[in-house]
Amino acid sequence: MRRARPGALPRGIGGGARARRAMGEERALTSVEAGDDFGDSDNFPAKDAGAGADAGATERPVSKLWHITLSVSGGEAPLAEVRRGLEQLAHDHPFLLTSRYANDHAEIRYWEEARDLHDAAAVALRLWGEHRSTAQLPPWEIVGLEVIDRETYHLRIAEGCGPPPAATVGVHPF
């Protein structure tokens, strides 16, 4: 599994710190690029017992993009501390699209590249707990998780019944 901020260049390409956005600068989300192995079934065929695939061929599952919405909640915390913690989390993990927060709950939305829903959900469920101390996040619990594939996300948006589009990237109050 690889994590990447939508539109980001692979590590080691580009201008390093000079290419990063200035603090507080916003950008519009237009599309999400998939990784190098996205849909690359010609070079790495999926496992198929009945297909009689070449025994020497390398088999690797194709990754997909998953839209994650993680909701956390708990006791009240000062808004400034919640915002600072979410900004630190976004700085440490630039794949985060947007975070919304209040003094007793928050919602984090991002894209995850994973083999299947189970892998994407497992990574999402570890996110808050693993970074609680390093980002100094409030001691809240995960109260909701939504993991949908890219096609479903775009279908919901087109029908007008999905989550509000993540047009503004960053950390915002509810």
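Just so it is clear, the values below take in all heavy atoms, side chains as well, and ignore hydrogens, waters and symmetry mates.
Nearest heavy atoms, Leu86 versus Ala106: CD1-CB, 4.2 Å. In plain terms, the two heavy atoms of Ala120 and Ala114 that are nearest each other are N-CB, 3.7 Å. Summarising the geometry of Thr134 relative to Gln88, their closest heavy-atom pair is O-CG, 4.3 Å, with the distance given to 0.1 Å. Minimum heavy-atom separation, Trp140 to Arg132: O-NH2, 2.7 Å.
With values rounded to the nearest 0.5 angstrom, His154 atom NE2 is found 8.5 Å from Leu65 atom CG. With rounding to the nearest 0.5 Å, the separation of OG in Ser73 from CD in Glu107 is 12.0 Å. Atom-to-atom distance recorded for Thr69:OG1 and Tyr110:OH is 9.5 Å, nearest 0.5 angstrom. Taking NE2 of His67 as the start and CD1 of Ile157 as the end, the distance is 7.5 Å to the nearest 0.5 Å. Atom CD of Glu146 and atom CZ of Arg109 lie 9.0 Å apart (nearest 0.5 Å).
For Arg83, the side chain to side chain donor-acceptor pair (under 3.5 Å) criterion is met by Glu87, Tyr101, not counting sequence neighbours. Contacts of Glu81 classified as side chain to side chain donor-acceptor pair (under 3.5 Å), with partners at least two apart in sequence or in another chain: none. Applying the side chain to side chain donor-acceptor pair (under 3.5 Å) rule to Asp149 yields the partners Thr152; only residues at least two apart in sequence or on another chain are considered. Partners of Asn103 by side chain to side chain donor-acceptor pair (under 3.5 Å), not counting sequence neighbours, listed by chain and number: Glu76. In this structure Leu145 satisfies the side-chain contact (heavy atoms from CB on, under 4.5 Å) test together with Ile68, Leu70, Ala121, Ala124, Leu125, Val147, sequence neighbours excluded. Remark: Ala102 engages Asp104, His105, Phe174 in a side-chain contact (heavy atoms from CB on, under 4.5 Å) (not counting sequence neighbours).
Val72 and Leu79 fall within a single hydrophobic cluster, where Ile, Leu, Val, Met, Phe, Trp and Tyr side chains are chained together by heavy-atom contacts under 4.5 Å. Leu117 and Ile108 fall within a single hydrophobic cluster, where Ile, Leu, Val, Met, Phe, Trp and Tyr are joined by side-chain heavy atoms under 4.5 Å apart, directly or via other members.
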Evaluate Arg150 against Lys64 for side chain to side chain contact (heavy atoms under 4.5 Å, CB included), listing each step before the verdict. CA-CA 8 Å; Arg150 185 177 183 195; Lys64 291 178 62 175; over 6 Å; no

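Using cut-offs of 30° and 60° for the angle between ring planes, the Tyr153 and Trp111 rings count as perpendicular.
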